[in-house]
Enquirer: 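Take a look at the following structure, please.
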Number of protein chains: 2
Amino acid sequence: MTVVEARQHPTPSDFAPAPTEADRTRWEEADRAARPRRLVRLRERLAAEGIDAYYGVTHENVRYLTGFALGDGEDGGSSGQFLVGAEDVLLFADSRYTIQAARQAPDARIETVYGDLPERWPTLVGSVGARRVAVEAAFVSQAMWGRLAAASPDVELVPVEGWIEADRATKEPSELERVAAACAVADRALAALLPAIRPGRTELEVAMDLEWAIRTGGADALAFDVACLAGPEAALPHGSPGDRPILSGAVLLFDFGAQVAGYRSDMTRTLFVGDPSPRDLSIYRLVAEAQAAAIGALTEAAKDGRPITGREADGIARRVIDEAGQGERFGHGTGHGIGLAVHEQPSLGKRSPETPLPSPTVFSVEPGVYVEGETGVRIEDLVTYEPAHGRVERLTRFPREILVVGR
Amino acid sequence: MTVVEARQHPTPSDFAPAPTEADRTRWEEADRAARPRRLVRLRERLAAEGIDAYYGVTHENVRYLTGFALGDGEDGGSSGQFLVGAEDVLLFADSRYTIQAARQAPDARIETVYGDLPERWPTLVGSVGARRVAVEAAFVSQAMWGRLAAASPDVELVPVEGWIEADRATKEPSELERVAAACAVADRALAALLPAIRPGRTELEVAMDLEWAIRTGGADALAFDVACLAGPEAALPHGSPGDRPILSGAVLLFDFGAQVAGYRSDMTRTLFVGDPSPRDLSIYRLVAEAQAAAIGALTEAAKDGRPITGREADGIARRVIDEAGQGERFGHGTGHGIGLAVHEQPSLGKRSPETPLPSPTVFSVEPGVYVEGETGVRIEDLVTYEPAHGRVERLTRFPREILVVGR
């Protein structure tokens, strides 16, 4: 495996440029054109189950079905909740959100709802003629459920989970384009950061530089908080950057992503600061081998038109690490779907469903090996999986070679 | 009202310095010392209601009772959920969080829980000897409620709402100190930003500069996303910064805050870019008068030892605006409590409870007047209310004068 020194480092111009206004307009139009099909799928399922309407509350689902976008962590109250009937889509918004709702969700009927959803409930469900309503039971609170049930005793609330989430796992072309655009923003940001990495700067300082490069480089927002972990901290698969200095002769792990027009990227790179230690190099090569094995198997399956499950793909990466005697040090799954949410279906793990991966779809492939208190390595790329076109494509283009910085 | 030109502008050194490591250590120790009293209050309430344990899931409540801190928008799954029994406090954490949990919550018993809470539930409730468990019904999903009920049919789940939230409205001295420290970070950040505000820069650019000043100026994080709204956009009480240029001869509204050791600040300042228009000046003076009237009435009440309700305080600000014929243009409440959450009890609004404000407490006073499509003005400060000491103190120290920038 090649060791890449500073003079051969990637630079931002090696990757695709930031999305343009024309891209954004095209994606918006594609979404608007796709929403009727998405609604047809939902209505077919409602009809099959003898249910009249669907009450949803999650940010990703309202964006998928109506176009209305709430920011991460933005608590809209009832705003952004929605009700899909046989004919209409009702989008709830209080006065803070009505202008935004009308602009982003031109095909929905905006209903003004404040903190008074239970009082409004009989009228709202009545207006779509619903007697049985599917409810996102994993996201509607027990208290709200009770209030809605009491408000309309003659309307049956049917708990459902994962309906729209399952639809979202299969991606449309314009969704894949946006994930790819988010990957390119992240690729460029990390390339721009490389010269600023040196021993003595803290994880937090460098994480903020990377965040800045992402947010000023074409992203609408981060996909999630940047992880930047030095040396032994890299052994924490879920650590946060701290006031700890970057160490020479140790690894530096970045896990980060961008958000572009609602779609997210996710990438992990483990860099080497100063002279790589033989132990870190050997772990790195093992993890890279495991990742390549999984991506290779997915590619073969796609070419052969042979269905493959997320569990199988996980098993292939895991076997490489197991056979090197490091299986205990790879405690998480091999990958997860991504799109409007950072983590969505499908999953690639030991207990993932034994059903074939959806198609086309996009997910991460991210094996890791973590030595507690000492070091950690993870390499994470996003790949599209499109057996209909016989291909698996890596969307994160930042090199996976052994990259040496800060010396 | 004084018009403040650039040469008299506040500078960062006019405000309290960033918190030190010693401050943070002191706050951590104060929290650890306070937690037993917080737990006693909860256990007394449980005992009074004949309930054996409390199952909580919200980030703020777990931090308040155990010390365990999750970031905004961080989805820990079951990690960070907790169970308070008569003797023990159980904190749930999966392997990603066990190290953090042991460090931040030294007095809790860490229980490893993955996505398997329903399977673990009988053992967990059994270990604290509970037969009746209070559950945060506004935050536990209907689906999870059903699974827990099915897992332990002999354990009664009792829906409760707002118990710990009500306790959190009364602030301890070290909580008020942290809100004040967060206010000072925000004051300094806005002072540092002033020279960078000029017509033609966009709302987003300036909002990001302000965010940077906050996050590199002593904050752990933003309190919430920065709002920066130019001219007519300021009429949206809940707008987000966009690619819109800052306009000369118009207002520029900032709504922002910092987070320091878990506690948040919240401040709004409406600045004047270039020559203020007579209309904007007149609205500004009205809003300032309404705010001063509410703070004055609160101060009088505190001095006289006379209880005052949030509804009364709201009425005082509202009357000033109503009497100027602008009542229809002040569509939100006058204020909200703040602490671990941006919005918490008490509330100062038309429909706020007719019970006296808790004491000591801290809340915003933020009247506004919004002229749709034209302009908007809001002035927001945080004040502590401590009738026991006969005082109301403004924690946000940034001047409220008419401040002219960008010319």
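Letters go in sequence order (proteins before strands), and every chain restarts at 1. Note that the structure is predicted; figures quoted are calculated from it, not measured.
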Enquirer: How long is the gap from CG on A:D75 to NE2 on B:H343, to the nearest 0.5 Å?
Expert: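 A:D75 atom CG to B:H343 atom NE2 measures 9.5 Å (nearest 0.5 Å).
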Enquirer: Can you name the nearest heavy-atom pair linking B:S141 to A:A138, along with the distance?
Expert: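 Heavy atoms of B:S141 and A:A138 come nearest at CB-O, 3.2 Å.
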Enquirer: Within a radius of less than 6.0 Å around CD of B:E119, do more than 12 heavy atoms belonging to other residues, nucleotides or ligands occur?
Expert: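 Yes, because the 6.0 Å sphere around CD of B:E119 holds more than 12 heavy atoms from other groups.
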Enquirer: Between the side chains of A:R147 and B:E161, is the shortest nitrogen-to-carboxylate-oxygen separation below 4.0 Å, so that they form an ion pair?
Expert: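 Salt bridge flag = yes for A:R147 with B:E161.
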Enquirer: Check the surroundings of atom CD in B:E28: do more than 12 heavy atoms from other residues, nucleotides or ligands lie under 6.0 Å from it?
Expert: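 Not buried by this count: 12 neighbours or fewer within 6.0 Å.
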Enquirer: Just wondering, are more than 12 heavy atoms of other shown residues or ligands nearer than 6.0 Å to CD in A:E156?
Expert: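 Check passes, neighbour count above 12.
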Enquirer: Based on non-hydrogen pairs under 4.5 Å, which of B:F139, B:W212, B:F224, B:Y97 is most in contact with chain A?
Expert: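 Option with the top pair count is B:W212.
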Enquirer: With a 4.5 angstrom heavy-atom cut-off, could you sort out which part of B:I99 is near chain A: side chain, backbone, both or neither?
Expert: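 Side chain only.
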Enquirer: Counting heavy-atom pairs under 4.5 Å with chain B, which one of A:P159, A:A143, A:G71 comes out on top?
Expert: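 Of the options given, most contacts go to A:A143.
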Enquirer: Could you look at B:E211 and say if it's the side chain, the backbone, both or neither that has a heavy atom under 4.5 Å from chain A?
Expert: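 It is the side chain, since no backbone atom gets that close.
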Enquirer: Going by heavy atoms in the side chains, are B:T216 and A:M208 under 4.5 Å from each other?
Expert: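 With C-beta onward as the side chain, the pair touches.
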Enquirer: Who wins among A:M144, A:E136, A:R215 for the most heavy-atom pairs under 4.5 Å with chain B?
Expert: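 Ranked by contacts with chain B, first place is A:R215.
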Enquirer: Heavy-atom distance under 4.5 Å to chain B: side chain of A:Q100, backbone, both or neither?
Expert: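 The answer is neither part of A:Q100.
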Enquirer: Determine whether the aromatic ring centres of B:W145 and A:W145 lie less than 6.0 Å apart.
Expert: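 Between A:W145 and B:W145, which both carry aromatic rings, the centre distance is not below 6.0 Å.
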